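Note that the structure is a prediction, hence the values are computed from the model and not measured.
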Number of protein chains: 2
Amino acid sequence: MLHDTAQLDLMFQALADPARRGMVERLSRGPASVSQLAEPLAMSLSAVVQHLNVLEASGLVRTEKVGRVRTCQIEPKALRAAEHWINERRLAWERRLDRLGDFLAETE
Amino acid sequence: MLHDTAQLDLMFQALADPARRGMVERLSRGPASVSQLAEPLAMSLSAVVQHLNVLEASGLVRTEKVGRVRTCQIEPKALRAAEHWINERRLAWERRLDRLGDFLAETE
DNA sequence: GCAATAGTGAAGCAATTACTTCACTATTTT
DNA sequence: AAAATAGTGAAGTAATTGCTTCACTATTGC
């Protein structure tokens, strides 16, 4: 679970599309129905549903259907996982730079 | 520059591939040549160069050729930009949940 | 019960992606 | 100078992506 590269594939892939990032952005301000997500987007409802399926498969969004309306929510745990992967790599790099700096300062 | 969605597209797209994430992971431990990046990967050198071009176009990796060897480095600023986008959305969601919690506590 | 609303599912299509191979060019090493 | 090394570039290909349209099914409001 800590190293599930397939899940990271899906998450980063999901975030790579501006329409999907728009949907995530909208959802970060609160839950929304499929139609509400579709409203600002210049594409068919079908296309929006397909994007939503990508987001849901990635784990970034969770949805629940009540009656005829599907309500969508962000899943912050998944966002945190993506964030974490990037953060680890950046920190590794920065720690390395620090050690290099120390080394250069010492040998000066 | 603060809201360059095209650049985010490129970065998340770049991170969506396990081979490319492997390369970033390798580079997070220090600079490497193209051949060194290719070594653990089960694909042709040509394919690796193509992945590298994707990483470079995304801004995540910077390369410099000296003699016949191209040396690759992580660009932490770009990593930070991707991290930041995710973080903002997650925080927006969590702040919203907090306000909701406060509201429910008050009206209880 | 009838019409409007909310969403689903499948087929089709053009563009993009992730490779491959092969031929090639520089740069080192011996 | 010849051989090995490091990488580049182009063409080809199969799979995937991001849409579209159209036909369809539930649910809700009047």
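Counting to the nearest Å, the C1' atom of D:dT5 and the CD atom of B:Glu39 are 16 Å from each other. To the nearest angstrom, P of C:dT8 lies 12 Å from CG of A:Leu37. In this structure, CG of A:Leu41 is placed 10 Å from P of D:dT20, rounded to the nearest angstrom. Summarising the geometry, the separation between CE on A:Met43 and P on D:dT20 is reported as 7 Å, rounded to the nearest angstrom. Between the NZ atom of B:Lys65 and the P atom of D:dT5 there is a distance of 17 Å, given to the nearest Å. Residue B:Glu64 contributes atom CD, which lies 16 Å from atom C1' of D:dA6 at whole-angstrom precision. Atom CG in B:Leu10 sits about 13 Å away from atom P in C:dT16, given to the nearest Å.
Among residues two or more places apart in sequence or in another chain, the side-chain contact (heavy atoms from CB on, under 4.5 Å) test is passed with B:Arg95 by B:Leu91, B:Ala92, B:Arg99. In this view, A:Thr63 and A:Glu56, A:Arg70 satisfy the side-chain hydrogen bond (donor to acceptor under 3.5 Å, both in side chains) rule, not counting sequence neighbours. Considering only residues two or more places apart in sequence or on other chains, A:Ser33 meets the side-chain contact (heavy atoms from CB on, under 4.5 Å) condition with A:Ser35, A:Gln36, A:Val69.
When all heavy atoms of A:Phe12 and B:Leu15 are compared, the closest pair comes out as CD1-O, 3.4 Å. Annotation for A:Ala19 and A:Met43: closest pair CB-CE, 3.9 Å, computed over non-hydrogen atoms. Nearest approach of B:Gly59 to B:Ala78, heavy atoms of both residues: O-CB, 3.2 Å.
Taking 4.5 Å as the limit, some side-chain heavy atom of A:Leu37 sits within range of a side-chain heavy atom of A:Leu27. Under the 4.5 Å side-chain criterion, counting only non-hydrogen atoms from C-beta, B:Thr71 is not in contact with B:Val66.
Scanning residues 15-24 of chain A for heavy-atom distances under 4.0 Å to DNA chain D yields A:Asp17, A:Arg20. For residues 44-61 of chain B, proximity to DNA chain D is found at B:Leu45, B:Ser46, B:Val49, defined as any non-hydrogen atom under 4.0 angstrom from a strand atom.
Rounded to 10°, the helix from C:dG1-D:dC30 to C:dT30-D:dA1 has 30° between the axis fitted to its first five pairs and the one fitted to its last five.
The backbone N or O of B:Arg89 sits nowhere less than 3.5 Å from a side-chain atom of A:Glu25 that would complete a donor-acceptor pair.
Each salt bridge (charged side-chain N to carboxylate O under 4.0 Å, His left out) pair with one or both residues in residues 75-86 of chain B, not counting sequence neighbours, appears once here: A:Arg90-B:Glu83, A:Glu94-B:Arg80, B:Arg62-B:Glu75. The side chain to side chain donor-acceptor pair (under 3.5 Å) pairs that include a residue from residues 38-47 of chain B number zero, where partners must be two or more places apart or lie in different chains. Among residues at least two apart or in separate chains, salt bridge (charged side-chain N to carboxylate O under 4.0 Å, His left out) pairs with a member in residues 8-23 of chain B are A:Asp9-B:Arg21, A:Arg21-B:Asp9.
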- [ ] Take B:Trp93 and A:Leu79 through the side-chain contact (heavy atoms from CB on, under 4.5 Å) test and state the conclusion after the steps.
- [x] CA-CA 11 Å; B:Trp93 174 262; A:Leu79 276 181; 5.9 Å; no
Open item on the list: One character per nucleotide, please: for nucleotides 25-30 of chain C, 5' to 3', B when the base has a protein heavy atom closer than 4.0 Å, S when only the sugar-phosphate does, - otherwise.
Closed with: --BS--
